[in-house]
S.K.: 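I am attaching a structure below and will ask some questions about it afterwards.
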Amino acid sequence: MHRNMEPHSNKILLFGRPFSDGFRLNFRLLMKKLMIHGTEIIMFEPFHKFVQESLGEKVEVAGLFNSSSDLIGDENAMLSIGGDGTFLEAITLVRDYPIPVAGINSGRLGFLADISQEKIAEAIDSIAHGLYTIEERTLIQLTTDVPLFGDFNIALNEMTVHKRDDSSMITIHAYLGGEYLNSYWADGLIVSTPTGSTAYSLSV
């Protein structure tokens, strides 16, 4: 589903992973554009440390965060700087809040992190003026007798049932809506969302 967004509070969460020197100029451009628009930047602390210590870049921020519990929830967007893996990690941090995530790819163009380096300035202008749409995506949830993943049992891409490394193939009895679907004798079974399925198809 897509819907136009009206501009409101200009507060951005900035999440990222270490990037190469080739992205340094683009990172500076990103920060300059955010400052021009008077953006209040709340930055992921390990990423902030990387930028300031490893790259020698001084970044003025309104605050730092390390986990989902550090967020207030009134931020109007999160920017994920990296690739698709970084994007997937970013969404786990905003999981409890209606905060849209936009991915800026610091390397090759990704499927989720689809803002290219050449489009950074244009993208920031659009976000600042509320000229964007939100695409809602399906999540998959795992319910088990044993809390395998603690309080975070959802995924954007897929969940996999896999055999142990030292075991032979396993038999998986699959049911859909309570009705028997099939039995699989295999290494495992992947249950994928449309997002994960599309990513697999693109990779192929």
Side-chain angles (χ1 to χ4, degrees), residues 3-137 150-152 154 156:
R3 62 176 182 269
N4 290 319
M5 298 297 297
E6 296 296 330
H8 50 294
S9 62
N10 197 13
K11 185 185 294 186
I12 295 288
L13 295 170
L14 193 57
F15 177 82
R17 287 300 178 197
F19 50 76
S20 65
D21 287 343
F23 189 72
R24 185 190 296 246
L25 293 179
N26 288 301
F27 180 78
R28 286 175 175 162
L29 171 62
L30 168 65
M31 299 307 296
K32 180 179 179 180
K33 293 295 293 185
L34 291 174
M35 297 300 289
I36 288 174
H37 288 292
T39 306
E40 185 178 348
I41 302 171
I42 313 296
M43 198 168 184
F44 185 57
E45 189 167 8
F47 186 52
H48 182 260
K49 183 177 180 180
F50 162 75
V51 170
Q52 298 216 132
E53 294 183 1
S54 300
L55 298 182
E57 301 283 357
K58 292 185 177 180
V59 179
E60 294 185 12
V61 297
L64 300 171
F65 71 97
N66 281 289
S67 65
S68 178
S69 61
D70 295 330
L71 305 182
I72 297 176
D74 64 343
E75 299 84 3
N76 62 323
M78 171 184 271
L79 296 178
S80 169
I81 301 174
D84 286 350
T86 305
F87 187 97
L88 290 171
E89 187 175 356
I91 65 170
T92 66
L93 295 171
V94 299
R95 61 188 185 183
D96 297 324
Y97 303 103
I99 301 173
V101 181
I104 298 175
N105 205 298
S106 59
R108 292 177 296 176
L109 190 61
F111 168 53
L112 296 171
D114 61 352
I115 298 176
S116 67
Q117 298 179 38
E118 295 77 17
K119 296 290 185 179
I120 289 176
E122 180 182 339
I124 297 305
D125 288 340
S126 296
I127 292 173
H129 293 103
L131 302 175
Y132 60 91
T133 59
I134 291 179
E135 181 179 337
E136 297 184 353
R137 292 181 177 266
D151 64 344
F152 191 59
I154 62 173
L156 177 62

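Heads up: numbering here begins at 1 and tracks the sequence.
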S.K.: NZ/K119 to CG/N26 distance, rounded to the nearest 0.5 angstrom?
M.R.: 13.5 Å
S.K.: Rounded to the nearest 0.5 Å, how far does OG of S67 lie from CG of L93?
M.R.: 7.5 Å
S.K.: Spell out, as yes or no, whether a donor-acceptor pair under 3.5 Å connects the side chain of E40 to the backbone of N10.
M.R.: no
S.K.: Grab the two heavy atoms, one from L71 and one from Y97, that are nearest each other, plus how far apart they are.
M.R.: O-OH, 3.0 Å
S.K.: Quick one: does K33's side chain get under 4.5 Å of T39's, heavy atoms only?
M.R.: no
S.K.: Got L55 and D21 here, is their nearest side-chain heavy-atom distance under 4.5 Å?
M.R.: yes
S.K.: What is the distance from atom CD1 of I42 to atom CG of L14, rounded to the nearest 0.5 Å?
M.R.: 10.0 Å
S.K.: What pair of heavy atoms forms the shortest contact from A102 to I115, and how long is it?
M.R.: CB-CD1, 4.0 Å
S.K.: Contact between V101 and L112 at the side-chain level, heavy atoms closer than 4.5 Å - yes or no?
M.R.: no
S.K.: Indicate the atoms forming the closest heavy-atom contact of G82 with A113, along with that distance.
M.R.: O-CB, 4.0 Å
S.K.: What I'd like to find out is whether the side chain of E60 reaches to under 4.5 Å of the side chain of M31, using heavy atoms alone.
M.R.: no
S.K.: List the atom of M78, the atom of I99, and the distance in Å for their closest heavy-atom pair.
M.R.: N-CG2, 3.8 Å
S.K.: Measure the NZ-CG distance between K32 and L34 for me, rounded to the nearest 0.5 Å.
M.R.: 12.5 Å
S.K.: Taking the side chain as everything from C-beta on, heavy atoms only, tell me whether M43 gets closer than 4.5 Å to V51.
M.R.: yes
S.K.: Decide, yes or no, whether a salt bridge links R137 with E135 under the criterion of side-chain N to carboxylate O below 4.0 Å.
M.R.: yes
S.K.: Provide the closest heavy-atom pair for Q52 versus K58 in the form atom of the first, atom of the second, distance.
M.R.: OE1-CA, 3.7 Å
S.K.: Going from OG on S106 to CZ on R24, what distance comes out if it is rounded to the nearest 0.5 angstrom?
M.R.: 13.5 Å
S.K.: Looking at D84 and G110, would you say the former's side chain and the latter's main chain have a donor-acceptor pair under 3.5 Å?
M.R.: no
S.K.: Going from OG on S80 to CZ on F87, what distance comes out if it is rounded to the nearest 0.5 angstrom?
M.R.: 6.5 Å
S.K.: State, with a plain yes or no, whether a side-chain heavy atom of N76 is found less than 4.5 Å away from one of P100.
M.R.: no
S.K.: Using 30° and 60° as the class boundaries, would you call the ring planes of F23 and F19 parallel, tilted or perpendicular?
M.R.: perpendicular
S.K.: Parallel, tilted or perpendicular: which fits the ring planes of F65 and F44, with parallel below 30° and perpendicular above 60°?
M.R.: tilted
S.K.: Less than 4.5 Å apart, side chain to side chain, heavy atoms only: is that true for F47 and T86?
M.R.: no
S.K.: Of all the heavy-atom pairs spanning I12 and I127, show the shortest one and how long it is.
M.R.: CD1-CG2, 4.1 Å
S.K.: Apply side-chain contact (heavy atoms from CB on, under 4.5 Å) to R28 and L25, showing your working.
M.R.: CA-CA 5 Å; R28 286 175 175 162; L25 293 179; 3.7 Å; yes
